[in-house]
Amino acid sequence: MGLQNTKHSKVKQANILMLGLDSAGKSTLLYKFKCNEVFLTTPTIGFNVDMIETRKDFTMTFWDIGGQQKMRQAWCNFLENADGLLYVVDSSDKQRLEESKKEFVLILRNEFIKNVPVIVLANKQDLPGALNAEEITRRLNMKKYCSDRNWYVQPCCALTGEGLAEALHTLTTFAKNYSRSKETSMIFKEIETL
Ligand code: G3D
Ligand code: MG
């Protein structure tokens, strides 16, 4: 009976965590998702939260967490209820890509985020010398570090909005599937305790 119910239940909400080094473009992306406009951003102290309906009856809550060195220690506090991770990279900042990878790998190793789907946004594609999605995939070693989950690397530009519709579409699909499987496994656990 319980299982039959899950088959028909609809996942309506997902929590999406936005992480990445400071200045990668997280807050600009969030504004663009929400309003399709470019806002002047100031470095995020703490975090921003916004809810966006990406499909009919499906809302995603985006948590945009500050990426400065001090804030990174607090990233792990936000991982527990995430249904998706949006990791933002400044594709033109080759100097800090290794640092970004180091932080990314640290998050992926966290038990709370095990199996949670990942979209990497290879942002700032408009800037000269920006690395393309294939190169970002290779440099972050996605195949190795994300082998236990759904993942995708989307090239984009937060200023023009290029690539953002595709990113939201893929993220919605991944997050819905993840939330559904989480719900099913919770129901199995409940049945086991009966
Ligand atoms: P963060 O929230 O990850 O720290 P922000 O990053 O969203 O505050 O963006 C940092 C700077 O990068 C901002 O410029 C913003 O306009 C710029 N930026 C964000 N996305 C893009 C992009 O796709 N292309 C280009 N060229 N710039 C982008 P300022 O000058 O305000 O620091
Ligand atoms: Mg910010």
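Counting only distance, with no hydrogens or angles, the side chain of T59 and the backbone of I52 share no donor-acceptor pair below 3.5 Å. Proximity of a side-chain donor or acceptor of K143 to a complementary backbone N or O of R138 within less than 3.5 Å is not detected. With hydrogens and angles disregarded, no donor-acceptor distance shorter than 3.5 Å links the side chain of D83 to the backbone of K176. A distance-only check finds a donor-acceptor pair linking the side chain of W75 to the backbone of G66 [under 3.5 Å]. Proximity of a side-chain donor or acceptor of K124 to a complementary backbone N or O of A130 within less than 3.5 Å is not detected. Looking only at distances, no side-chain donor or acceptor of K101 sits under 3.5 Å from a matching main-chain atom of N141. A side-chain donor-acceptor contact under 3.5 Å links R149 to the backbone of I113. The backbone N or O of Y178 lies less than 3.5 Å from no partner atom in the side chain of E183, so there is not a single donor-acceptor pair.
Residues V89 and L140 form a side-chain contact, since some pair of their non-hydrogen atoms from C-beta on lies under 4.5 Å apart. Side-chain contact between T137 and V120: absent, with no pair of heavy atoms (C-beta onward) separated by less than 4.5 Å. In this structure the side chain of N81 never reaches within 4.5 angstrom of the side chain of K182, judged on heavy atoms. Looking at heavy atoms from C-beta onward, L108 lies in side-chain contact with C146 at the 4.5 angstrom threshold. Counting heavy atoms from C-beta on, the side chains of E103 and R72 come closer than 4.5 Å. Contact of the I16 side chain with the F33 side chain is not registered, since no non-hydrogen atoms from C-beta on lie closer than 4.5 Å. C156 has its side chain within reach of L29: a pair of non-hydrogen atoms, C-beta onward, lies under 4.5 Å apart. Within the 4.5 Å cutoff, the side chain of V116 has no heavy atoms near those of the L17 side chain.
To the nearest 0.5 angstrom, H169 atom NE2 is 5.0 Å from R55 atom CZ. Summarising the geometry, atom CG belonging to N123 is positioned 11.0 Å from atom CD belonging to Q154; distances are rounded to the nearest 0.5 Å. With rounding to the nearest 0.5 angstrom, the CD atom of Q125 is 10.0 Å from the CG atom of D90. Once rounded to the nearest 0.5 Å, the distance linking NZ of K12 with OG of S179 reads 12.5 Å. With values rounded to the nearest 0.5 angstrom, K32 atom NZ is found 12.5 Å from L168 atom CG. The structure places CD1 of I65 at 6.0 Å from CG of L19, a figure rounded to the nearest 0.5 Å.
Under the 4.5 Å side-chain heavy-atom criterion for ILVMFWY residues, a single connected hydrophobic cluster contains both L85 and V105. Hydrophobic clustering, with ILVMFWY side chains joined whenever heavy atoms are under 4.5 angstrom apart, keeps L106 apart from L97. Side-chain heavy atoms closer than 4.5 Å link hydrophobic residues (I, L, V, M, F, W, Y) into clusters, and following such links, even through other members, never connects L86 to L21. Hydrophobic clustering, with ILVMFWY side chains joined whenever heavy atoms are under 4.5 angstrom apart, groups V49 together with L79.
The aromatic rings of W63 and F78 sit tilted, their planes meeting at an angle between 30° and 60°.
Other residues, nucleotides and ligands place no more than 12 heavy atoms under 6.0 Å from the CD atom of Q95.
For residues 107-120, no residue pair satisfies the salt bridge (Lys or Arg N to Asp or Glu O under 4.0 Å) rule, not counting sequence neighbours. Within the structure, the ring-ring contact (aromatic ring centres under 6.0 Å, His included) test picks out the following pairs touching residues 83-108 (sequence neighbours left out): Y87-F104.
Contacts of F174 classified as ring pair (Phe, Tyr, Trp, His ring centres under 6.0 Å), with partners at least two apart in sequence or in another chain: none.
Nearest heavy atom pair, residue Q13 against residue N15, reads NE2-OD1, 3.4 Å. In terms of heavy-atom proximity, S23 sits nearest to R96 at CB-NH2, 4.3 Å. Nearest heavy atoms, V153 versus A122: CG1-CB, 4.4 Å. Nearest heavy-atom pair, A167 versus L121, reported as atom, atom and distance to 0.1 Å: CB-CD2, 3.6 Å.
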Is there a side chain to side chain contact (heavy atoms under 4.5 Å, CB included) between T160 and D126? Walk through the geometry before answering. CA-CA 9 Å; T160 62; D126 58 310; 5.7 Å; no
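Between E99 and K102 there is no salt bridge, since none of the side-chain N atoms of the basic residue sits less than 4.0 Å from a carboxylate O of the acidic one.
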